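First the structure, in the form of structure tokens, and then the observations on it.
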Amino acid sequence: MGFFAKLKAGLQKTQEKLVHELKRIVTLSPKLSNASLQDIEAALLAADFGLAMTQQIVGAVKTAYESQGRGGGDVLTIARREVEKVFEGNDPALRRTPEGVTVVSVVGVNGTGKTTTTAKLAHLVQQRGEPAVAAACDTFRAAAIEQLKLWGQRLDFPVIAAAYGSDAASVGHDAVTAARARQAAWLFVDTAGRLHTKHNLMQELQKLHRVIAKQAPGAPHEVLLVLDATTGANALVQARAFHQAVPLTGLVITKLDGTSKGGMVVAIRRELGLPVKFIGVGEQPEDLQPFDAPTFAEALFAE
């Protein structure tokens, strides 16, 4: 199955519910009354497009119908076009530092799939012939250390780890040294899951980044927030909080195949302007892929 087919299948819950509802509204009201515009708004909000994005799409639909009637294009085409506009300039490429090791910190709340994402990213760059090392800096959870080590064995990348309960910052420090010694191009740092509301845990994350920066100036070069698509609108709250604590450079959206709230990807991009770097639509290493906005918009509103 190609990635578009997987993406389409992954977004099926969102797409089926949304497309069915939008088509029903338009069929009932060919002229698009105020009531039907409100129904379109409700359908988009239910898919977690957020208020700003929803208003943008509804405004574009209203303008098209007022100026050209039904010839102004159907609602799905207009919505797809507006989504693509929001993602203009979205660059999914990981930024490489010109020399030395590029450090990528993977952050987020508990249970979003950070450890798995760390492993899949390491695999992705190694497939391009760029050696990677991973650091098990989630020392709060013994299972996370073991999980990353297992991924490392399976996908053939080294994992720098210490004992459960060790200081995460010292693991980060050692990992930079080890990545340099191995002449790795990339170091992916798996950080502990932390609630965005816990100030002390956010300070620990800031400390980890400071220690890494002392070892490698400018590091971490990428800070990727992993968001679980099934959390819907709450993902935007998480993104705001993490972005304030540790300036983010991009987003990774996981579990898109398990939700009818795929609009949250668009809502976060619309509000924070952060690039969506990767999306995950399955368990296999190759199911994490660089984000492509036109493909995403097409899959979201496919009939």
Side-chain angles (χ1 to χ4, degrees), residues 4-88 90 227-240 251 253-274 276 279-281 291-303:
F4 177 68
K6 275 190 176 176
L7 179 58
K8 200 171 170 185
L11 285 168
Q12 193 171 2
K13 285 186 181 177
T14 302
Q15 175 262 333
E16 279 181 355
K17 193 173 173 184
L18 186 58
V19 169
H20 173 78
E21 190 60 14
L22 292 177
K23 288 178 86 169
R24 184 190 68 78
I25 295 162
V26 174
T27 306
L28 284 174
S29 176
K31 287 186 177 176
L32 277 191
S33 62
N34 279 337
S36 56
L37 284 169
Q38 285 173 1
D39 287 345
I40 290 171
E41 188 173 290
L44 292 165
L45 287 171
D48 275 346
F49 276 81
L51 188 59
M53 190 64 218
T54 294
Q55 288 174 340
Q56 180 178 326
I57 294 171
V58 171
V61 169
K62 192 179 175 195
T63 301
Y65 273 73
E66 281 174 351
S67 59
Q68 301 163 59
R70 290 303 288 264
D74 74 301
V75 171
L76 297 177
T77 304
I78 295 164
R80 186 162 68 222
R81 197 165 57 228
E82 293 305 311
V83 167
E84 285 184 21
K85 271 187 203 170
V86 167
F87 284 103
E88 278 174 6
N90 186 86
L227 292 168
D228 177 340
T230 62
T231 56
N234 193 43
L236 179 54
V237 179
Q238 292 172 21
R240 281 192 204 118
L251 306 171
I253 315 292
T254 62
K255 307 181 193 178
L256 262 175
D257 49 335
T259 181
S260 62
K261 297 177 178 295
M264 53 74 77
V265 182
V266 191
I268 294 169
R269 168 70 179 178
R270 175 73 170 69
E271 178 171 324
L272 298 178
L274 290 165
V276 179
I279 49 174
V281 287
F291 180 77
D292 179 75
T295 305
F296 178 79
E298 189 183 337
L300 204 52
F301 295 104
E303 291 189 61

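Heavy atoms only: backbone and side chains are in, while hydrogens, waters and symmetry mates are out. Only a predicted model underlies this, so the values are computations on that prediction, with no experimental measurement involved.
With values rounded to the nearest 0.5 angstrom, Leu32 atom CG is found 5.0 Å from Ile40 atom CD1. Summarising the geometry, atom CZ belonging to Arg24 is positioned 4.0 Å from atom CD belonging to Glu21; distances are rounded to the nearest 0.5 Å. Note: Gln15 CD to Leu22 CG = 10.5 Å, rounded to the nearest 0.5 Å. Separation of atoms CG (Leu76) and NZ (Lys23) is listed at 7.0 Å; rounding is to 0.5 Å. To the nearest 0.5 Å, atoms OG1 (Thr54) and CG (Leu45) are separated by 4.0 Å. From Leu300, atom CG reaches atom CZ of Arg80 across 10.0 Å, with rounding to the nearest 0.5 Å.
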**Request:** Under the side chain to side chain contact (heavy atoms under 4.5 Å, CB included) rule, what do Glu271 and Leu236 come out as? Steps first, then yes or no, please.
**Result:** CA-CA 9 Å; Glu271 178 171 324; Leu236 179 54; 3.5 Å; yes
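If you check the side chains of Thr295 and Asp292, you find a donor sitting under 3.5 Å from an acceptor. Ser36 and Asp39 share no donor-acceptor pair across their side chains, judged by distance under 3.5 Å alone.
Of all non-hydrogen atoms in Val61 and Leu37, the two that sit nearest each other are CG1-CD2, 4.3 Å. Closest non-hydrogen pair, Val19 versus Ala302, comes out as CG2-O, 3.6 Å. Nearest approach of Thr230 to Asp228, heavy atoms of both residues: OG1-OD1, 2.5 Å. Minimum interatomic distance between Met264 and Ala235 (heavy atoms only, all atoms of both residues): CE-CB, 3.3 Å. Here the closest heavy-atom approach between residue Ala47 and residue Leu18 is recorded as CB-CD1, 4.3 Å.
For the pair Glu84 and Arg81, the salt-bridge criterion is not met [side-chain N within less than 4.0 Å of a carboxylate O]. Looking at Glu82 and Lys85, a side-chain N of the basic residue comes within less than 4.0 Å of a carboxylate O on the acidic one, giving a salt bridge.
In this structure, the side chains of Thr77 and Phe301 stay at 4.5 Å or more apart for every pair of heavy atoms. Side-chain contact between Ile57 and Glu41: absent, with no pair of heavy atoms (C-beta onward) separated by less than 4.5 Å.
Counting only distance, with no hydrogens or angles, the side chain of Thr254 and the backbone of Leu227 share a donor-acceptor pair below 3.5 Å. Although no hydrogens or angles enter the test, the distance criterion places a donor-acceptor pair under 3.5 Å between the side chain of Asp48 and the main chain of Ala233. At distances below 3.5 Å, at least one donor-acceptor pair connects side-chain atoms of Asn90 with backbone N or O atoms of Val276.
Between Phe87 and Phe291, the ring planes are tilted. Angles from 30° to 60° get that label.
Checking each of Val83, Val265, Val86 against Phe49 for a side-chain contact (heavy atoms from CB on, under 4.5 Å) leaves exactly one that passes, namely Val83.
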